[in-house]
Structure formats: structure tokens, C-alpha cells
Amino acid sequence: MLKDFIEDKIRISLSDKSKSKFFELDISKLVLSIPNNPDHGDFSTNFALINAKALKLNPFELAREISTLLDNEDSDLFERVTVEKPGFINFKISKKIYHDFLAEVLIKGENFGSFPLNGKKILIEFVSANPTGLLHLGHLRNAAVGDSIARILKFSGYSVTTEYYINDYGNQIRLLGESLKSRVMQKLKIESKIPEEGYKGEYLLDVAELLLSEVKSDDLLSKDYEFFSNYAIKYLINEIDKDLKDLDINFDSWYSERDRIHNTDLLSKTRNLIKSVQGLYEKDDAQWIKTSEYGDNDDWVVKKRDDASTYFMNDIAYHHDKFQRGFDNIVNIWGADHHSHISRLKASMNLLSNDSHKLNFVLIQFVRLIKDGRDVSMSKRSGTYTTIRDMLSEFNKDLVRFMMVSRSSDSHFDFDLDKCREGSDDNPIFYIQYASARINSILNKDEVVKFTESQVDLSLLIEDKEINIIKKILNFPDIILDASNSMSPHKLAFYLQELSALFHSYYRETKILVDERELSGARLFLLKSLKTVFTNGLTLLGVSSPERM
RNA sequence: GCGCCAGUAGCUCAGCUGGAUAGAGCAAAGCACUUCUAAUGCUUAGGUCGGGGGUUCGAAUCCCUCCUGGCGUACCA
């Protein structure tokens, strides 16, 4: 990374005892940032401002001394080093450095912006919608954000496992089975009512139809609800997976609650473990866990009066299992409506002496669908939601995925359908893909120069707009790191829009394929580098980069 | 009541581990196609960063407090 490279150079200069009198300063505090105002150079640092007090020096004077030292040190690196008002040191990087770093972009290709394996293992769980219906809008943002975070983490050097927790056990599943059975009976003209709390959506009619085509109706009459539950789960998981694949989301692991928690001794083992550290007590005929002693505000029931374990107990067992599987970081992407579970789950992991710092959460705020200025997130037919399938029948995957990651997950998000239709000015993904397509179009027209990457003179790229594009390209790895550390794919989305803007502006002003072959070659190299960044960046967001539009 | 998130331009939102004159897109007004894709570009206008205190060289950013909106506060999952 260019920034690291320069920071290192500065650190080396400052800590050189023979030349520098600042070698006692804590150089780990040296941070370069990119100033808003281009007059302040390519990078700047507040290092002198931070350290002035400790040295009992005037910050401006300190900055001056440091800058003089650096300016003399490496004339190849800096075009100039200046000092501004309170004590900022501003660096203008020489064009040669930019050209040198640009040359590496195409060598790295699809790995440009990525980081080598760091040996850390991350488990990231997301979507995990109950298999009692199709995926709907509420799951869409979770899916898009979760998958993009997983891709970004992987790209930045982590070994990532994505996991979908299948809630295929318990009351809801019984109701699902009974509801399906009821639908089958209705098809057979046998009077049957869906349970009060059951699943009344019409999709179960389709499942019933399918079931009747596969199994003789006489045989079905004698089946209990479990048979129907199993059939419905299998069907619905398959449908969910289909929708996810349409979004280009593939899970590494599907974790069945029934198989892994209830049909094993995991639950009893976990319970015994809690008991072994005196973490359980009986009250009101129920069993409670002492989470209040481990960082939560309350204790919680883990076994109900009827002897069944609570959902929370199952979740403790599941997360304990996650810890046992040896991950360095366990990430849950949750809807914001589950935020209250965080503190009790963390407290439980503390109690089990798992390192709860390894357990992290990304909370996703709600999305509202807006159509004709009104909230249409829920359809008029009560109980049915806008499904992902419905969304994808009207909007393509690229648009949907990009929109879902283009805002901070902390923000509520209004998705205005009318503003996102094809050709709309309010459709940012087209803007980015169009940039990428324009580049392709030029690259395809290059019959004259017959551009080859090896023989190109990048020092011909001297226009301001060219240098600005190079700077932005070289900033890509920093963006990846930032998006990865903060698990915020929207930072990448914003970056790609900014990069597109730089390109479009450059494109309108500058002819790429000109008579001077050398110059064309250098510009084609720049464009190909841009294309690399677009492709790499969009891929991380699960968005394609079409060859033409 | 308590907890989490949000409140920044007319609208939708970035910026929040403190930095220099607060940004982008859309909408508004005006301009630019005999050119490698005008799904574009270039101008202009638009702000008491919810209110009030505090911390310091410096606050949209940190602390306190109040107001508004969303979500949550089960022996449901």
C-alpha cells in the first residue's frame, strides 16, 4: 500500500538517531490521512500537533523541524513537504512514485487490493431465516450485507466460513407441519382448519400440491405432523437456497438446529458446563442462568416449567459450539430487532469462559420499500411480505444487492422502487457499471496501439485528472482494509461511485486513443487498471461488471 | 421506565478511533453531443451538522442533558 510505504519511510527517517533528534517520539502515533483540500497535499499528518505538548515545543516549530528533516531525506519520494498553520505537515508525493505504484496494479490483477492470508479464522453467520416461508425483504439486506462482508473479510486475508443456522426444531416447526397438513386435507376436500398461530400464506398450497403429486393421498391421511414438517422444511430450505443462489450467495455451512443441537448431546453438555460453574439456579419451577453476574442486567430462563429448553438455551449451546470450533472471530449479522439478545449471549459466553471479545455483531436496521411515496414493505394481504423472489422478478440482482449495501447498516433505509428503475438518474449502480462498460469499449477498439502491458511509459500520465485517478486507484487497498475492519461494505460502495465520477469526467475531457502511440499506451494502461479496480470492487459487493451496456 | 439505532442541503444519505473552508447523488436553474457509449460531463444555487451545556490549540465527531423518530424490552422462536 502506498500509504504504508510512505508512513514507513517517514518512521525510518524520524527514528534514525544519527540524523533525527525526534527518535524518542512514539512513531506508532504517526498517521497519514488524505486531506479534503488538495492544496494541503496528497497526505498530511498531525504528528507535530500531537507531540508538541510532550516536548514543550510550539507545534508549528516542531512541524517545521520535522518537515525539513524529511524533505532533505528522500528527494525522490516527495515533491514537497510543507507546514501549515497550527502544525500540520503536508506531503506532496512525486509523480514518479505514483507511476511506480500504478505499474503494480495490473501485475496484481484480480488480487489488487487484497491482503495475504493472516492466519485468522472467522465464522460469519447471517440470514438464518426460519424455514417456515420464503425469504422476504426483511432478509434481503441481511443477506446482501452479510455476504459482502464475508467477501471483503476473505479478500483482506481472513479464512472465512459462512454459515446459515436452520431453525428446524420447536413450536414453529410443529405449526408449520400442522399448517401443511391442513392445506393437504383441504385439497382432499376434508375439512381442516389451519391452527390459529399457523402459517396461512398461500405458498403452502403449492407445497401441498407438490406433496400430493408425489405421495398417494391415502398414505398421507395417516401421517402425523412431523412428516409434514419434514417435507415442508426440506422444500422451503431448497427454495431459500435457490433465492440465495439467485443473489449469488452460497453458504459454506448449513447448520441444522435439530441435527446438531437436539439430536446430539450438545445441549446437555452445555447445560452441565453451566452447572459446573454454578451458573444455574431454580426459581418458580424453572431453571435460570446467572447472566447478571457476567455482564448482563438480568438472569434468564433456560428451561421452562414444562421442562423444554428455551430458545435462548439453544442459542447458548449453538454459540458455545461455535467457540469450540476454534474461530478467532465469530460474527453474527442480526436484524436490529434482536439487539437485546446481544448482552445476554455475551454474558453467557463469559460465564462459559469463552472469550466473548471474539463474539461480534453487525446489526442491520430495517428497510422500507417505498412505492408511489408510500410504504409497501408489507403487502395488503395480511401476513404476506414482499419476497426476494418478487423483487428479483422486477429488478436485477446487481441493482438489488448494490442498493442494499450502499448505506450504513446502522441507518434505516428507504428503498424507493420508482427511483431505481432502469435508466433512472437515481440509480447509482448503472453509473458504475457504465464506467466499466465504457472502458471495455475503448479497450476493444484498440487495434492501432495493440497495447501490451510490459512496454508502456507511465511517466506520460501527467494530467491532473490522470494523477487523481491514479491516487484513487492506489487508495483501493486502504478502502478494503477500512471496510474490512469496520465490517462496512457501504464504504466500498461509496468509493466505487467516486472512482466512477473521476473516470466519467476524465473520459469526457480526454481522448484515450490518440495518434501518439506511447501516450495511448499509457492511458490504456490506466484504463485497464481502472477496470481491474471496478471488477474487484464490484465482485466484493456481489455485483457484476458487464462488458457492455 | 430501561436498552439499541438514527436526527447533517428541499429529498436520500456519506463524513463520527477530534483536525484545516462540512461532502455526494437526486431534485432546482443554466450550459455542452459531426468525438473512444450523452445511462455522460461542466456551471450555479442550496447548511445555526435536532436544542443546550461541557472537555481543548481545535468538536458534525468525545462527555452530560433535553427533544424527536424507529426498533426492542417473554418460562415465543
Side-chain angles (χ1 to χ4, degrees), chain A residues 31 33 35-37 39-40 44-46 49-50 52-53 58-60 84-88 90 130 132 167 169-173 175 197 257 283-288 297-298 300-315 335-343 361 363-366 368 370 406-416 419 422-435 437-446 485-486 488 490-491 493-495 497-498 500-501 503-514 520 523-524 527 548-549:
Chain A
V31 177
S33 55
N36 295 324
N37 186 339
D39 293 343
H40 295 144
S44 76
T45 181
N46 58 359
L49 285 163
I50 296 173
K53 200 170 253 178
N58 177 323
F60 189 80
E84 288 287 337
K85 286 175 281 182
F88 292 103
N90 298 330
N130 289 354
T132 52
N167 220 288
Y169 184 90
N171 209 28
Q172 299 306 312
I173 296 306
L175 285 167
E197 307 279 305
E257 176 182 355
K283 192 181 90 180
D284 303 336
D285 294 330
Q287 193 174 53
W288 298 67
N297 290 330
D298 299 295
W300 299 93
V301 170
V302 289
K303 195 191 261 182
K304 296 183 273 183
R305 221 169 273 161
D306 65 6
D307 225 32
S309 59
T310 57
Y311 169 81
F312 180 45
M313 181 62 219
N314 301 338
D315 226 17
D337 52 337
H338 286 79
H339 80 264
S340 61
H341 295 245
I342 293 177
S343 58
F361 298 85
L363 290 181
I364 313 276
Q365 298 291 333
F366 285 119
R368 290 192 310 167
I370 307 292
S406 63
R407 297 286 133 80
S408 159
S409 307
D410 291 335
S411 294
H412 299 263
F413 176 29
D414 288 347
F415 186 1
D416 193 324
K419 286 185 179 170
E422 217 161 304
S424 159
D425 287 334
D426 213 346
N427 188 337
I429 186 55
F430 273 93
Y431 185 74
I432 299 171
Q433 289 181 322
Y434 184 46
R438 271 180 151 177
I439 290 172
N440 261 305
S441 165
I442 298 172
L443 292 174
N444 291 336
K445 283 214 167 83
D446 166 36
N485 289 336
S486 58
S488 307
H490 77 276
K491 294 187 176 187
F494 274 89
Y495 167 83
Q497 290 185 74
E498 289 160 14
S500 305
F503 167 73
H504 283 305
S505 172
Y506 175 62
Y507 173 92
R508 291 292 293 173
E509 189 176 283
T510 318
K511 185 117 169 114
I512 308 299
L513 298 171
V514 289
S520 288
R523 287 179 176 168
L524 285 166
L527 258 56
R548 75 172 75 88
M549 292 176 71

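Here is the naming used below: chain letters follow the sequence lines, and residue numbers restart at 1 for every chain.
- Contact annotation: A:R508 does not reach the phosphate of B:C36 (side-chain N/O to OP1 or OP2, under 4.0 Å).
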> Please, what dot-bracket string fits RNA chain B when only Watson-Crick and G-U pairs with both distances under 3.5 Å count, crossing ones use [ ] and pairs to another strand use |?
Replying inline: (((((((..((((.....[...)))).(((((.......))))).....(((((..]....))))))))))))....
Quick one: which protein N/O atoms are closer than 3.5 Å to N/O atoms of nucleotides 57-59 of chain B? Pair and distance per line, please.
{"unit_1": "B:C57", "atom_1": "OP1", "unit_2": "A:K53", "atom_2": "NZ", "d": "2.9"}

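- Under the rule for a side-chain hydrogen bond (donor to acceptor under 3.5 Å, both in side chains), the partners of A:S505 that lie at least two apart in sequence or sit in another chain are A:K465.
- Side chain of A:D410, nearest nucleotide from B:C36, B:A20, B:C5: B:C5.
- Side-chain proximity of A:Y434 to B:U40, B:U21, B:C36: nearest is B:U40.
- Residues that satisfy the ring pair (Phe, Tyr, Trp, His ring centres under 6.0 Å) test with A:F88, not counting sequence neighbours, are absent from this structure.
- Using cut-offs of 30° and 60° on the angle between ring planes, the pair A:F415 and A:F413 is parallel.
- In terms of heavy-atom proximity, A:D410 sits nearest to A:Q365 at O-CG, 3.0 Å.
- Using a 30° and 60° split on the angle between ring planes, A:H504 and A:Y431 fall in the tilted class, from 30° to 60°.
- Judged purely by atom type and a 3.5 angstrom limit, A:W288 uses its side chain to pair as donor or acceptor with the backbone of A:K283.
- Remark: A:R305 pairs with A:D284, A:D285 by the side-chain contact (heavy atoms from CB on, under 4.5 Å) rule, at least two apart or across chains.
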Protein-nucleotides 70-75 of chain B N/O pairs closer than 3.5 Å?
{"unit_1": "B:G72", "atom_1": "O2'", "unit_2": "A:S340", "atom_2": "OG", "d": "3.2"}
{"unit_1": "B:C75", "atom_1": "O2", "unit_2": "A:R305", "atom_2": "N", "d": "2.7"}
{"unit_1": "B:C75", "atom_1": "N3", "unit_2": "A:R305", "atom_2": "NE", "d": "3.4"}
{"unit_1": "B:C75", "atom_1": "N3", "unit_2": "A:R305", "atom_2": "NH2", "d": "3.3"}
{"unit_1": "B:C75", "atom_1": "N4", "unit_2": "A:D284", "atom_2": "O", "d": "2.9"}
{"unit_1": "B:C75", "atom_1": "N4", "unit_2": "A:R305", "atom_2": "NH2", "d": "2.9"}

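- Interface remark: the A:N37 side chain does not form any donor-acceptor pair with the B:A22 base, using a distance-only criterion of under 3.5 Å.
- Neither OP1 nor OP2 of B:G25 sits under 4.0 Å from any side-chain N or O of A:S500.
- Proximity of A:Y169 to the phosphate of B:C76: no side-chain N or O atom is located under 4.0 Å from OP1 or OP2.
- Summarising the geometry of A:S33 relative to A:P35, their closest heavy-atom pair is O-CD, 3.4 Å, with the distance given to 0.1 Å.
- Within 3.5 Å, no donor on the side chain of A:S408 pairs with an acceptor on the base of B:A14, nor the reverse.
- Taking the nucleotide of RNA chain B with the nearest heavy atom to each of A:Q172 and A:K85, the more 5' of the two is matched to A:K85.
- In this structure, A:N444 does not reach the B:C36 phosphate: none of its side-chain N or O atoms is under 4.0 Å from OP1 or OP2.
- Looking only at side-chain heavy atoms (C-beta outward), A:R523 and A:V514 come within less than 4.5 Å of each other.
- In this structure, A:S406 and A:A493 approach most closely via the heavy-atom pair CA-CB, 4.0 Å.
- Dashed line: the shortest gap from a side-chain N or O of A:Y311 to OP1 or OP2 of B:A77 is not under 4.0 Å.
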